[in-house]
Amino acid sequence: MSIARRLHVLALALCAAPAWAHSPIKGIGNFYNGALHPFISPAHLIALLAFGLWLGQQGLSGAKRPLLAFAVALAAGLSLHRAAGDPDTDRWLLVLAALAGLAVAAALAVHWAAASAFGALAGLAVGLASGPSGIEGTARVVALAGTFLGASLACAYVAAMVTLGQRQWVRVAVRVFGSWLAAAALLVLALSFAAPRKSGVAGSMTIELLERPVCQCAWRPA
Amino acid sequence: MNKFIALLLLGFAGSAFAHSAEGVAGGFLSGFLHPIAGWDHVIAMVAVGLWGAFLGRPAVWLLPVVFPLVMAFGGALGVLGVPLPGVEIGIALSAIVLGAMVAIAARPPLWVAALIVGAFAIFHGHAHGTELPEAASPIAYSLGFVIATGLLHASGIALSLVTRWAHGAKLVRACGGAIAALGVFFLTKAL
């Protein structure tokens, strides 16, 4: 790699400034909270990671339509979360995460229609369970927009990373990581059936999440 | 490759200072430390990595892919309260058998190796899974111990790279012998 390119890479690395949790500018707080939501909800995060990895394995052309389907369904879910009664979709997301993780581990290539359907389910599940509570009007819309961007960019970013990683060891690492996500999801699913209260799934979120001030989301009390 | 590195670096933002996510972070940390805190787990997982490297492709990556999934099955048994007799004995035996496989540089057919590793993965998973219900954040805990297990495999694979040197293979086989010997020690403790 030439010196110029190395400096280019270094400059990009220095561009990654610390991520402050609260912005000093009013109004962006809700947006930031919304954008953070997919990352602080474990079930959402592993579902997005697994789906993103799988999208990346489909390649650039194979990932476009499923990603679009995901984004459209996510927007629909965010719009309809209240009408749907703010359902808890953690178990649904864990099933999707397990399936996507297994698909990644197997490097399974599917038709874009099947991947799009899967993406739509994932997007809908994330959207329906990401509705903010306690805020109305513009603030609520801003938070929803933040969630939309956060979740969509997370998926797109992971998919892009996988697509760009052409080397054999990267492909193997992706498959290994997919198996990890599937294993974790399967374990928590087992727990959700064995001990729903302790799993934090199926509508039984722990009190510590309710007290967490970072995200104003429609958590349901245990 | 440059684009890959640039995109990877852009994803690494600095620390987020504000609120501590004790539930999720604590759950992840306790899960991550669980395999590492138990030497019987550590040596067995390193042996899986070492043996996979000895077996070569595709075992070197197939075992780390399959192991977590089979381990999850064992973990699910633990979570569901399905008793598995002699879990600690099984874990100790895994160190003995897998260490011995490395020590004698055994190269059985892939399905045999996968069967052996898979059988022992159930014991390891069951041990982790029984503690899952008590975790602060079960998902984070699961991710933590699965990732720690995978990293231990990777360390075993990394250790096996010494085979490139003149006496590297002997060193790796000696490590396998040491793992088997430690397994005997843990077995006597478990009995």
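In the text below, chain A, chain B and the rest are named by the order of the sequence lines, each starting its count at 1.
We find the CZ-CD1 distance between A/F177 and B/I147 to be 5.5 Å, quoted to the nearest 0.5 Å. Taken from CD1 in B/I139 to CG in A/L181, the straight-line distance is 11.5 Å, to the nearest 0.5 Å. Separation of atoms CH2 (B/W61) and CD (A/Q168) is listed at 8.0 Å; rounding is to 0.5 Å.
Between B/P64 and A/W180, the shortest heavy-atom contact is O-NE1, 4.5 Å. The heavy-atom pair separating B/S142 from A/L187 by the smallest distance is OG-CB, 3.9 Å. Nearest heavy atom pair, residue A/L191 against residue B/V79, reads CA-CG1, 3.3 Å.
Both the backbone and the side chain of A/A43 come within less than 4.5 Å of a heavy atom in chain B. If you measure heavy-atom distances from A/L45 to chain B, you find no contacts under 4.5 Å at all. In this structure, no portion of B/F67 lies under 4.5 Å from any heavy atom of chain A. Neither the backbone nor the side chain of A/L189 comes within contact range of chain B; no heavy atom of the residue lies under 4.5 Å from a heavy atom of that chain.
For chain B, the option among A/A98, A/A105, A/S179 with the highest count of heavy-atom pairs below 4.5 Å is A/S179.
More than 12 heavy atoms of other residues, nucleotides or ligands lie within 6.0 Å of CZ in A/F118, so this atom counts as buried by the packing criterion.
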